[in-house]
Amino acid sequence: MSDFIDNEDYGFATRAVRAGQVRTHEGEHGEPIFPTSSFVFASAAEAAARFSGEQPGNIYSRFTNPTVRTFEDRLASLEGAERCVATASGMSAITATFIGLLSAGDHIVSSRSIFGTTTILLTSFMAKLGIATTFVDLPDLNAWQAAITPKTKMLFLETPSNPLLDLVDIKALADIAHRKNCLLVVDNCLCTPALQLPLALGADIVIHSATKYIDGQGRCMGGAVCGTNEIVGGGVYGFLRSAGPTMSAFNAWVFLKGLETLELRMKAHCQNAQALAEWLEQQPAVKRVYYPGLKSHPQHELAKLQQSGFGGIVSFELNGGQKEGWKLIDATRMVSITANLGDTKTTITHPGTTTHGRLTPEQKQEAGISDGLIRVAVGLESIEDIKADLARGM
Ligand SMILES: *Cc1c(COP(=O)(O)O)cnc(C)c1O
């Protein structure tokens, strides 16, 4: 009943199934859930030693929990990170990264094409704490370089972006960041470590919304921050244990099971998305398809270079506007009208009136969110059924 000894010789799939597990004296095969808020000490002296940090071990589940630790160690192994800390949601992972590592007066340069709530966190709340953000176009390396000031401490991005699937060259941007003593933070939610390893390309921190593909079946909220012991084990963990957005043991267990099938699921998402994107390109009602796996994608070569698959999100622009977009969505009978992504179930959204609905017409135009734009997070149903459902309203 030996524990899995993680080492670099094991392949991704092996580590996804086994890394992080520490068996108890019961010899259980599956990973146990530890639903306990606190942990018991053998003596007053041991309690004192744990609290002072002299002796390692669990104290309280806001700090550490064995099920959560197993998830953290498994995800760290997959991302190639020294350390991972789990959080209650993707947003708390992002918040912990900003607040745990930055101070009033510091400056962030961020991609303009990021998750909407992250934009609000930066513009409404981080700004209030004295941490300003400059937004730039994701692919434009010159714009990133030009936006960095002596106060800049962090560059933040998602690649590919959502919903338009633009990319940035992570390696080139890591060079720019490090020449200026900035940390490069990549929200790797859309690709997951099964398709893209930002740390190996030079990024300092990888963030996840585990709610998406890591769960993979739309059940639990969770997040994670991966990086070095110094950075993630220092400021990020320090903030989390004091502020408290911890992952629950139950959710950690669900995500552990998710990681075990992550690579298989991502391959299937990619396969369905590629087939759907190619089919959409043939449809007369469709003006343009956005998918990095298409030869027509302006960054197809970069996608081939830095990703091992093109992902599960496909966006397309209809010849018509909002009316035609809503008609297509309302004509579907199977796919779910919801903004979530990373689920086995295909979802469809009209970004212009939902995720990006609060933007002004000028902001929408700048962000490339047209009235006829539709985003599909391609699930794992039979591809012919997905196509047939979208064809109904075209
Ligand atoms: C959903 C999402 C988040 C936020 O994660 P939650 O788990 O919903 O808090 C952050 N980044 C990206 C790219 C996302 O898709």
Side-chain angles (χ1 to χ4, degrees), residues 68 71 75 79 84-99 108 110-126 133 135 138 154-168 170 185-196 198 203 205-226 236 240 243-248 250-252 254-255 258-259 262 266 269 273 292 307 311-315 336 338-343 347-349 351 354-356 367 369 375-379:
V68 176
F71 167 72
L75 184 57
E79 286 287 0
C84 164
V85 292
T87 60
S89 65
M91 287 320 302
S92 53
I94 297 172
T95 305
T97 302
F98 291 160
I99 299 189
I108 301 172
S110 170
S111 162
R112 204 186 308 284
S113 319
I114 54 173
F115 190 62
T117 315
T118 312
T119 308
I120 295 169
L121 178 67
L122 287 167
T123 54
S124 302
F125 298 99
M126 299 312 294
T133 305
F135 293 96
L138 176 68
M154 188 179 280
L155 311 187
F156 181 88
L157 63 95
E158 298 165 20
T159 179
S161 66
N162 179 15
L164 292 179
L165 291 315
D166 285 329
L167 277 69
V168 72
I170 297 177
V185 182
V186 177
D187 180 335
N188 202 24
C189 171
L190 253 60
C191 275
T192 82
L195 304 184
Q196 175 169 272
I205 296 173
V206 163
I207 288 182
H208 278 288
S209 166
T211 316
K212 311 292 168 55
Y213 289 105
I214 290 179
D215 177 317
Q217 298 183 49
R219 298 162 293 193
C220 290
M221 302 292 303
V225 186
C226 303
V236 177
L240 279 170
T246 337
M247 180 181 283
S248 77
F250 177 77
N251 286 9
V254 172
F255 296 136
L259 287 179
L262 180 66
M266 291 313 290
H269 281 292
Q307 299 175 207
I313 310 292
V314 178
S315 294
S336 316
T338 173
N340 197 28
L341 61 91
D343 199 306
T347 69
I348 191 164
T349 12
T354 58
T355 51
H356 295 69
I369 310 294
R375 188 202 74 186
V376 178
V378 186

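Order of appearance sets the numbers: ligands from 1, and atoms from 1 within every ligand. Model, not experiment: these values are computed from the prediction. Counting begins at 1 with the first residue of the sequence.
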- Query: For atom 5 (O) of ligand 1, which protein heavy atom lies nearest, and how many Å away is it?
  - Reply: Ser209 OG, 3.0 Å

- Task: Could you establish whether Gly222 and ligand 1 come within less than 4.0 Å of each other, counting only heavy atoms on the residue side?
- Result: yes

- Non-hydrogen side-chain atoms of Gln196 and Asn188 separated by less than 4.5 Å: yes

- Message: Side chains of Thr349 and Thr338, heavy atoms from C-beta outward: is any pair under 4.5 Å?
- Response: no

- Message: Regarding ligand 1, does Met221 bring an N or O atom to under 3.5 Å of one of the ligand's N or O atoms?
- Response: no

- Give the residue, atom name and distance (to 0.1 Å) of the protein heavy atom nearest atom 9 (O) of ligand 1. Met91 N, 2.8 Å

- Message: Using 0.5 Å steps for rounding, measure from the OG atom of Ser92 to the CD1 atom of Ile99.
- Response: 11.0 Å

- Would you mind running through ligand 1 and noting each atom that sits below 4.0 Å from a heavy atom of Glu158? 13 (C)

- Are His269 and Tyr213 close enough that their ring centres sit under 6.0 Å apart? yes

- Nearest non-hydrogen protein atom to atom 11 (N) of ligand 1, with distance, is Asp187 OD2, 2.6 Å

- Query: Using 30° and 60° as the class limits, which term best fits the ring planes of Phe71 and Phe255: parallel, tilted or perpendicular?
  - Reply: tilted

- Query: What atoms of ligand 1 come within less than 4.0 Å of a heavy atom belonging to Lys212?
  - Reply: 1 (C), 2 (C), 3 (C), 14 (C), 15 (O)

- Starting from atom 7 (O) of ligand 1, find the nearest protein heavy-atom neighbour and note its residue, name and distance. Thr211 OG1, 2.6 Å

- Task: Identify, for atom 4 (C) of ligand 1, the protein heavy atom at the shortest distance, and state residue, atom and that distance.
- Result: Phe115 CE2, 3.4 Å

- Message: Under a plain distance cut-off of 3.5 Å, with no hydrogens placed, do Arg375 and Asn162 share a side-chain donor-acceptor pair?
- Response: yes

- Message: Could you check whether any side-chain heavy atom of Thr117 comes within less than 4.5 Å of a side-chain heavy atom of Met91, counting everything from C-beta outward?
- Response: yes

- Number the atoms of ligand 1 from 1 as they appear, then name those within less than 4.0 Å of a heavy atom of Gly90, with their elements. 5 (O), 6 (P), 7 (O), 9 (O)

